[in-house]
There are 2 protein chains.
Amino acid sequence: MEVLIVEDDPLHRSYLHDAVRAALPECDLVLEAENGKVGEGLARQHHSAHIVMDLQMSERNGIEAARTIWKERPDTRILFWSNYADEAYVRGVSRIVPEGAAYGYVLKSASDDRLKLALRSIFMESQCVIDREVRGVQQKSLGHVNGFTEVEYEILIDIALGLTDRMIARRHNLSLRSVQNRLQQLYEKLDVYQRIGEDDGEGRYNLRSRAVAVALMRKLINYSALERAEADLNEWLGGKHS
Amino acid sequence: MEVLIVEDDPLHRSYLHDAVRAALPECDLVLEAENGKVGEGLARQHHSAHIVMDLQMSERNGIEAARTIWKERPDTRILFWSNYADEAYVRGVSRIVPEGAAYGYVLKSASDDRLKLALRSIFMESQCVIDREVRGVQQKSLGHVNGFTEVEYEILIDIALGLTDRMIARRHNLSLRSVQNRLQQLYEKLDVYQRIGEDDGEGRYNLRSRAVAVALMRKLINYSALERAEADLNEWLGGKHS
DNA sequence: GCAAAATCTGCGGGATCCCGCAAGACAGAT
DNA sequence: ATCTGTCTTGCGGGATCCCGCAGATTTTGC
């Protein structure tokens, strides 16, 4: 049995290495990659079936790497090991996990034992293990109380990328007005209508930009989500030509 | 001699602890804090004169903590130890360092020796030590070729927060038109005028939102910068009432 | 199968944004 | 003193955004 570790921080990498060795004595080879790009390469080359993956790496983040790996071999077991439980990450992961695949999401702040237990559960038992805190975010994002629909999320991404209403309409095959309707919902949910500078009555935010700001501060989107979205956009733009 | 370590990751914290012990035998007490808030508290309580500070912590990031610490005792020596050399961080740091203070900025990817050397240089010799890569970013941001003025940077922050032109004008005591002029410069420098969807000619970005997106992707601003800016904004809003 | 609810769409209009043009203010150089 | 470059401000106008209204279409629930 082999395990591939994809993690850019050397300290964390060696810690992971030790944890894998301790939790999985049946593992006889541990590979290491220091970013998503070489991680993909190693996974392809060794047909890795067991991967521990950091999110937030330079050169190629964990979600992108996992996406291409899963596209080639959907039965790969991947444990995501991240510092944060940002909704952007959680959404990003659950968006790419294939039907019936075994995966996990545990935080770096979790205890030694939790990590080792997760390693065994996922790699040996093919079970899904989601950290409690992450699970909370996942629930909240799905629960429609103060949660965001898939469409709302998409339009959020689009304005974060700086697309105009017209572009968004074209991209999703909608009319201009429909896009604006969705925007209105979004503004409502992000609570972007608050007044500012109340001393002389008038003072609003620029709704569009404010929405992005609030979404960033609430961790609905983050750098890596933006990066992925930009890549998707360019792909779509390229595809339109053919 | 005492050293205070402010770092949220336990692994990195203990690594730092060891490095400090090894590099500074004359140090007889090493304090540790797991975020900016308790870091501030410990610094105040122990009158710490030597601090190693992570940027990017939850609860209170390194720059905010450093700002209040330096406000109280401007001769404190602080070594910033960070994963990234984002321009947002570099600007954030050099914005708050007091006149003539000794400080350093080294990356976590630096070698053991570099870290230890920096520790000695800053804490014992009161010298400034800036990592090469960080220095590069600093230079580029100052060099007016493809670099950003202080005013341009400020207006970038303002639109990232979601302020309207009118609000920005009021905040900086400018006319509406001047704000828009600055915006134009900004758009120019961020190269935001590119066409998209060229197949039928028409296709632009929403300049304002796109500018923020590009700035994020170029690491000119990031989560922590936005967080600080939001705090500043609220402070300003509060101050206007009195 | 039908009514209720949600979503999509066009129209119209007020507010804001983006920006060309031109006149004044100010600093530094020759 | 003059000139040049940068920064500021006002005016005007076209494009875009934001959104109320109302009818059409789709989805949902029973």
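Labels below follow one simple rule: chain letters A, B, ... track the order of the sequence lines, proteins then strands, and each chain is numbered from 1. The figures that follow rest on heavy atoms only: side chains count, while hydrogens, waters and symmetry mates do not. Not measured: the values here are computed from a predicted model.
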**Request:** Under the ring-ring contact (aromatic ring centres under 6.0 Å, His included) rule, collect the residues that match up with B:Tyr103, sequence neighbours excluded.
**Result:** none
For [X], all residues meeting side chain to side chain donor-acceptor pair (under 3.5 Å), sequence neighbours excluded:
{"X": "A:Asn61", "answer": "A:Glu227"}
{"X": "A:Glu133", "answer": "none"}
{"X": "A:Ser82", "answer": "none"}

**Item:** Side-chain N,O (B:Tyr205) to OP1/OP2 (D:dA15) below 4.0 Å
**Value:** no
**Request:** Kindly say if A:Arg182 contacts the phosphate of C:dC8, meaning a side-chain N or O under 4.0 Å from OP1 or OP2.
**Result:** yes
Can you list the residues that meet the side-chain contact (heavy atoms from CB on, under 4.5 Å) rule with [X], with sequence neighbours excluded?
{"X": "B:Ala231", "result": "none"}
{"X": "A:Val214", "result": "A:Leu190, A:Val192, A:Arg210, A:Arg218"}
{"X": "B:Glu59", "result": "B:Asn35, B:Lys37"}

**Prompt:** Quick one: do A:Glu40 and A:Lys71 make a salt bridge, cutoff under 4.0 Å?
**Reply:** no
Whole-Å distance between [N] [atom2] and [X] [atom1]?
{"X": "B:Leu183", "N": "C:dC17", "atom1": "CG", "atom2": "P", "value": "9 Å"}
{"X": "A:Arg204", "N": "D:dC17", "atom1": "CZ", "atom2": "P", "value": "17 Å"}
{"X": "B:Leu174", "N": "D:dT8", "atom1": "CG", "atom2": "C1'", "value": "8 Å"}
{"X": "A:Glu188", "N": "D:dC18", "atom1": "CD", "atom2": "P", "value": "14 Å"}

**Prompt:** Base, sugar-phosphate, or nothing for B:Leu207, non-hydrogen atoms under 4.0 angstrom?
**Reply:** sugar-phosphate
Enumerate the protein-to-nucleotides 20-23 of chain D contacts in which both atoms are nitrogen or oxygen and the separation is below 3.5 Å.
unit_1	atom_1	unit_2	atom_2	d
D:dG20	OP2	A:Gln184	NE2	3.3
D:dG20	N7	A:Arg177	NH2	2.9
D:dG20	O6	A:Arg177	NE	2.5
D:dG20	O6	A:Arg177	NH2	2.7
D:dC21	N4	A:Arg177	NH2	3.4

**Fill in**
Rounded to 10°, the angle between the first-five-pair and last-five-pair axes of the helix from C:dG1-D:dC30 to C:dT30-D:dA1 is 40°
**Asked** Can you check salt bridge (Lys or Arg N to Asp or Glu O under 4.0 Å) on A:Arg77 and A:Glu125, steps first, answer last?
**Response** CA-CA 10 Å; A:Arg77 300 183 178 89; A:Glu125 318 285 348; over 6 Å; no
**Fill in**
Closest to the side chain of B:Tyr187, out of C:dC8, D:dC19, C:dC18, is C:dC18
